[in-house]
There are 2 protein chains.
Amino acid sequence: MNTETKTAATPDTRTRIVRAASLLMQRQGYDGTGIKQIAQEAQATLGSVYHFFPGGKQELAVAAIHHGDQEFYDVLREALEREEDTARAIADLCDELADGLHASQWVDGCPITTTSLGTAGRAPDIQTAAAQAFARWRGLVRDRLRASGMSEGDAHDLAHTVISTMEGAELAAQVAQSKEPLRIAGKHLARLIALHQ
Amino acid sequence: MNTETKTAATPDTRTRIVRAASLLMQRQGYDGTGIKQIAQEAQATLGSVYHFFPGGKQELAVAAIHHGDQEFYDVLREALEREEDTARAIADLCDELADGLHASQWVDGCPITTTSLGTAGRAPDIQTAAAQAFARWRGLVRDRLRASGMSEGDAHDLAHTVISTMEGAELAAQVAQSKEPLRIAGKHLARLIALHQ
DNA sequence: ACACCACTGGAACGAACGCTCTATCCGATA
DNA sequence: TATCGGATAGAGCGTTCGTTCCAGTGGTGT
């Protein structure tokens with residue numbers, strides 16, 4: 001029954017596999033990550049991987065994307081709940097992302113972009129999972145903006161730009177190995193939100 | 001001497017190899033693209049590839065990134081020269097990018113992100129080339145904003161956000177297979193620029 | 001006529017890839 | 001205690017990877 005839940009010392013084998021796949025594909029992309037490497041990192045064996053993911057590497061990648069999706073969904077939700085002023089919440093989140101990126105020595109960017117980009121025209125399941133993730137994140141921002149009184153249209157459009165810009169700034173920060181793109185993006189997004197409410 | 005220049009029917013072998021590498025890595029990433037595939041696509045042989053790029057796949061990837069860098073540099077420069085109002089120039093460029101992305105059936109996004117992301121912590125030469133590209137593009141926008149009378153600080157910051165947001169919106173558009181993220185980003189960037197000048 | 005050399009062509013190498021397969025383990029149920 | 005199926009373990013399959021190596025080929029300078 002259990003597929004993690006408790007804060008247990010050593011999680012499910014399946015959970016360990018998904019976590020390892022998510023982390024490694026986030027860093028190295030789909031083609032750059034081998035199934036054997038995932039198994040080793042997860043302290044599981046090849047047999048276990050194919051037992052839980054009979055669909056092979058693609059099915060595992062989809063699970064990894066869903067994992068990364070939920071991971072950032074929680075971060076985003078907490079950031080929006082923590083601070084009443086949405087503009088400031090987004091700016092603070094950008095700084096938080098910059099700190100996390102720096103702490104990982106600029107390797108752990110968005111948990112799904114690398115996997116998604118590298119499989120663009122050839123793995124529909126992975127693309128669908130990535131599109132769902134982006135839509136969920138946008139929905140979170142849109143609902144928060146709506147709740148603070150913004151019009152439907154403005155909230156919809158701003159949610160798009162907030163996610164797009166955060167995504168692009170994280171990418172730019174990673175490439176430049178600098179917090180500056182994310183810092184500036186946070187400032188400008190806050191300004192843009194304040195302009196509409 | 002000549003490494004292309006003329007509008008010749010069939011370009012240099014070296015040029016054909018770089019173009020093929022750039023296009024394939026843009027679509028499939030570094031690890032997803034094989035040297036043999038590049039050679040085939042370029043109508044060259046393995047011997048030729050290693051003749052021109054004795055540094056192997058990494059040296060070829062660096063050349064591919066420089067190629068993609070220059071490619072977008074020209075597009076960006078023309079877009080900024082074509083339209084006097086910088087805000088409108090950026091918005092128009094976003095629409096142009098959306099059309100190009102759609103025309104490629106959502107596979108040809110930014111020519112360097114996929115390659116750069118997939119090699120994040122392990123190929124310094126590639127990272128440096130990608131960082132240079134981003135910096136050159138930002139420089140183009142910053143100079144244009146400065147020329148239209150914007151303050152040094154505002155121009156610097158806005159150039160960052162313009163590139164970050166365009167990058168992120170292109171990514172979002174690719175994943176969602178929709179022009180909407182780029183359209184909205186263009187609108188918001190124009191608004192943000194107008195706000196500062 | 002010859003020598004030279006940038007360039008082309010492709011066979012071959014060891015390593016790593018995704019995946020299949022069978023054997024074994026082990027806790028729950030009868 | 002006997003049985004059974006989910007889970008684990010890893011050898012081995014065919015294929016492809018990046019790279020090396022060397023034998024040609026064709027045009028240029030002498």
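Chain identifiers are assigned alphabetically (A, B, ...) following the order of the sequence lines, protein sequences preceding nucleic acid strands; residue numbering begins at 1 within each chain. Side-chain atoms are counted along with the backbone in the values below, which use heavy atoms only and exclude waters and symmetry mates.
Across all strands, B:G34 comes closer than 4.0 Å only to sugar-phosphate atoms, never to a base (heavy-atom distances). A:G56 comes within 4.0 angstrom of the backbone, heavy atoms only, and of no base.
Atom-to-atom, CZ of B:R14 to P of C:dC7 comes out at 10 Å; the value is rounded to the nearest Å. We find that CD of B:Q40 is positioned 12 Å from P of D:dT16, with the value rounded to whole Å. As rounded to whole Å, 12 Å separates atom P of D:dC17 from atom CE of B:M25. Atom CG in A:L60 sits about 14 Å away from atom P in C:dC17, given to the nearest Å. Taking atom CD1 on A:I38 and atom P on C:dG18, their separation rounds to 8 Å, with Å as the unit. As rounded to whole Å, 15 Å separates atom P of C:dG18 from atom CZ of A:F53. In this structure, the CZ atom of B:R16 is 11 Å from the C1' atom of C:dT8, given to the nearest Å. Rounded to whole Å, atom P of C:dG18 lies 11 Å from atom CG of B:D31.
Residues B:V18 and B:F52 form no side-chain contact, since every pair of their non-hydrogen atoms from C-beta on lies 4.5 Å or further apart.
Closest approach to the B:I35 side chain among D:dG12, D:dT19, C:dA6 is made by D:dT19 (side chain taken as heavy atoms from C-beta onward). Of all nucleotides listed (D:dC17, D:dT8, D:dG12), D:dT8 comes nearest to the side chain of A:T13. Candidate nucleotides C:dC19, C:dG10, D:dA7 were compared by shortest atom distance to the side chain of A:H51, and D:dA7 ranks first. Comparing D:dT8, C:dT8, D:dT20 by their nearest atom to the side chain of B:Y50 picks out D:dT20.
In the model, B:H188 has no side-chain atom that pairs as donor or acceptor with a side-chain atom of B:R183 under 3.5 Å.
Between A:T45 and D:dT8 there is no side-chain N or O to OP1 or OP2 distance below 4.0 Å.
Nearest-nucleotide positions on DNA chain D place A:F52 closer to the 5' end than the other of A:L46 and A:F52.
The CG atom of B:L192 lies 8.0 Å from the OG1 atom of B:T165; values are rounded to the nearest 0.5 Å.
Put simply, the residue from B:L24, B:L60, B:T114 that forms a side chain to side chain contact (heavy atoms under 4.5 Å, CB included) with B:T33 is B:L24.
Other residues, nucleotides and ligands contribute at most 12 non-hydrogen atoms within 6.0 Å of the CD atom of B:Q105.
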